[in-house]
Q: 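Sending over a structure as structure tokens; questions will come in a sec.
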2 protein chains.
Amino acid sequence: MRMADLSAGTGVPVPTIKYYLREGLLSPGRPLGRNQAEYGSAHVKRLKLVRALADYGGLSISAIRELVDHMEDPGTAKTELLSVAQKTVTTHDDERSGEHVRQAERLVADLLARRGWDDTAGHQAARTMVGVLASLLELGLDDILRALDDYADAAETAAGVDLRVLGDVTDRERAVEVVVIGTLLGDTLLAAMRRLAQAHLSVETYRTTG
Amino acid sequence: MRMADLSAGTGVPVPTIKYYLREGLLSPGRPLGRNQAEYGSAHVKRLKLVRALADYGGLSISAIRELVDHMEDPGTAKTELLSVAQKTVTTHDDERSGEHVRQAERLVADLLARRGWDDTAGHQAARTMVGVLASLLELGLDDILRALDDYADAAETAAGVDLRVLGDVTDRERAVEVVVIGTLLGDTLLAAMRRLAQAHLSVETYRTTG
DNA sequence: GCCTGTGGATAGCGGCACTCTCCACGATCC
DNA sequence: GGATCGTGGAGAGTGCCGCTATCCACAGGC
């Protein structure tokens, strides 16, 4: 399999494949001569992974490189992968301050305590939560904040499914894939389904209540 | 309130505020003279909204402009706003094709039918779902697809909370805000909480089972 | 033997979100 | 009341990112 076939099989243009090779997102093919190399099905799959993470995971090229490096490293444990995938979300290290931020920090701490998630304090996602909640507070959207626990229920349901799916996977390499892809594409998937459910429920509500 | 105060009150640099004014994300202040204008609390709030949508909603400047235009237009109905906010997600109009895509389309159609969401076929989010599922199929992650209904449960829970929160809001202008911000920041919020729940459950699981 | 395609490298491009510069003028502080 | 700083307004410039184009010597295949 040469580069043209790789391109045809994935829909990724040849110059882009070359770019990915340069950036280390894709390992070089097995060289056959001075300017000829052989690619296999692993390359096809990797390319599809890269595109999926870029298109639906919203990851940058450098984030994808980091991720695939970890995926290839056999020293990365299953649990560790979870945290690596989790850290590869858009990080917000702005470190704002102010009354609202302190209030948001308290809300998050309370929520974590209430749900028994206290082992996750200091987690990157907790900091993202603080940022989002601080924005909601600044914008005066207390309505949403009052429903925080209900949203946490939904998140916990999703996480429960995540873990159950992961538990069924025994093969290490596949577990790595499931964690990374499931977490990142799962965000997009859940958001899309939330919108569909919203649309459906909203139509239903306005039909029955006028 | 002049520009320096506006900048101090929001943390947004003066040149950036000028840029937002040029781009129409922020309405001009009330002019006091040839080169002096008065800004009010509405400007502060709008600026915070713009930053929240950019930072946590992941929206581009042009998408934000579109959104705030609709929010200001009193002709936009509450239900209409929902769909406007929903369309302002990253659109994927690639229109791929292939066996996996057809299979994904069937999976989505089946899911919608099973849940009674058939009124949402053709929705932008449905197309996003098709894209994500096609990627999952191409990557051979059937494990995740088998749990699709369970993820849909989580999404429906979240959407139910959305609608309940929205139902409690009577003021039109606030309803608009709740829909737009709740939908877009809500995605980030849910994703963050999902990660925290994942981390907690995973720690718990590995503690009990070894 | 000739045209297309290859791997490899370097340079260029278009878009985006600012950021900088300049300007004539107003506000403010000593 | 004069120096200095900030203002609204507009244009041009910047840095990064994700490609895309160009060039090269050479291989493969009709």
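Residue numbering restarts at 1 for every chain, and letters A, B, ... go by the order of the sequence lines. Reckoned from all heavy atoms, side chains included, excluding hydrogens, waters and symmetry mates. Everything numeric here is computed off the predicted structure, so don't read it as measured data.
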Q: Could you provide the dot-bracket string of DNA chain C, using ( ) for intrastrand pairs, [ ] for crossing pairs and | for bases paired to another strand, with Watson-Crick or G-U pairs below 3.5 Å?
A: ||||||||||||||||||||||||||||||
Q: Going by heavy atoms in the side chains, are B:Val180 and B:His70 under 4.5 Å from each other?
A: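 Contact flag for B:Val180/B:His70 side chains = no.
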Q: Considering every strand and a 4.0 Å limit on heavy-atom distances, what is the contact class for A:Ser62: base, sugar-phosphate, or nothing?
A: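 No contact.
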Q: Would you indicate whether the side-chain heavy atoms of B:Val169 and B:Val179 approach each other to under 4.5 Å?
A: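 They are not in contact (no side-chain heavy atoms under 4.5 Å apart), so the answer is no.
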Q: Would you call A:Asp143 and B:Arg174 a salt bridge, using N to O less than 4.0 angstrom?
A: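 So A:Asp143 pairs with B:Arg174 through a salt bridge.
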Q: Shoot me the first and last contacting nucleotide of DNA chain D against chain A, ordered 5' to 3', at under 4.0 angstrom to non-hydrogen atoms.
A: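 Range of nucleotides touched by chain A: D:dG18 to D:dA27.
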Q: Reading nucleotides 19-30 of chain C from the 5' end, what letters show protein touch, with B for base, S for backbone sugar-phosphate only, - for no heavy atom under 4.0 Å?
A: BB----BSSS--
Q: Quick check against the 3.5 Å criterion: does B:His43 have a side-chain atom that pairs as donor or acceptor with the backbone of B:Gly40?
A: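 Pair found, side chain donor or acceptor close to backbone of B:Gly40.
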Q: Under the side chain to side chain contact (heavy atoms under 4.5 Å, CB included) test, which residues partner B:Glu105, sequence neighbours left out?
A: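 With sequence neighbours excluded, B:Glu105 shows a side chain to side chain contact (heavy atoms under 4.5 Å, CB included) to B:Val101, B:Arg102, B:Val130, given in chain and number order.
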Q: With nearest nucleotide decided by heavy atoms, which residue, B:Met3 or A:Ile61, maps closer to the 5′ end of DNA chain D?
A: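 Its nearest nucleotide lies further toward 5', so the answer is B:Met3.
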Q: Rounding to an integer number of Å, can you tell me how far A:Ile17 CD1 sits from C:dA9 C1'?
A: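 Taking CD1 of A:Ile17 and C1' of C:dA9, I get 17 Å after rounding.
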Q: How close or far is atom P of C:dT6 from atom CG of A:Leu26, stated in whole angstroms?
A: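 From A:Leu26 CG to C:dT6 P: 15 Å.
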Q: Send over the distance from B:Leu21 CG to C:dA17 P, rounded to a whole Å.
A: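 Checked: the CG to P distance equals 17 Å.
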Q: Would you say a side-chain N or O of B:Tyr20 is under 4.0 Å from OP1 or OP2 of C:dC18?
A: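 Yes, within the criterion.
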Q: May I ask you to test the A:Arg164-B:Asp150 pair for a side-chain heavy-atom distance under 4.5 Å?
A: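 When only atoms from C-beta onward are counted, B:Asp150 and A:Arg164 do touch, with a gap below 4.5 Å.
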Q: Check A:Asp55 with A:Lys48, please: is the shortest side-chain N to carboxylate O separation under 4.0 Å?
A: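 Here A:Lys48 does not pair with A:Asp55 in a salt bridge, since their nearest N and O are not under 4.0 Å apart.
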Q: Under 3.5 Å, is there a donor-acceptor pair between the side chain of B:Asp110 and the main chain of B:Leu107?
A: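 Judged by distance alone, no pair lies under 3.5 Å.
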Q: Output the rounded distance in Å from CD (A:Glu38) to P (C:dG5).
A: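 Taking CD of A:Glu38 and P of C:dG5, I get 18 Å after rounding.
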Q: For DNA chain C, find the residues of residues 39-48 of chain B with a heavy-atom distance under 4.0 Å and give them by number; none if there aren't any.
A: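 Close to the strand, none.
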Q: Tell me whether B:Arg46 contacts the main-chain N or O of B:Leu25 through its side chain, where contact means a donor paired with an acceptor under 3.5 Å.
A: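 It does hold such a pair.
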Q: Would you mind checking if B:Arg146 and A:Asp168 are paired as a salt bridge, meaning a charged N to carboxylate O distance below 4.0 Å?
A: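 Salt bridge between A:Asp168 and B:Arg146, a charged N being under 4.0 Å from a carboxylate O: no.
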Q: Start with the C-alpha distance between B:Tyr151 and A:Asp162, add both sets of side-chain angles, then the distance that settles side chain to side chain donor-acceptor pair (under 3.5 Å), and finish with yes or no.
A: CA-CA 9 Å; B:Tyr151 284 118; A:Asp162 292 336; 2.4 Å; yes
Q: Quick one: list whatever passes side-chain hydrogen bond (donor to acceptor under 3.5 Å, both in side chains) with A:Tyr20, sequence neighbours left out.
A: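 Scan of A:Tyr20 (side-chain hydrogen bond (donor to acceptor under 3.5 Å, both in side chains), adjacent residues dropped) gives A:Arg51.
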Q: Please check if the side chain of A:Arg194 supplies one atom and the backbone of B:Thr183 the other of a donor-acceptor pair under 3.5 Å.
A: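 Flag set: sc A:Arg194 to bb B:Thr183 pair under 3.5 Å.
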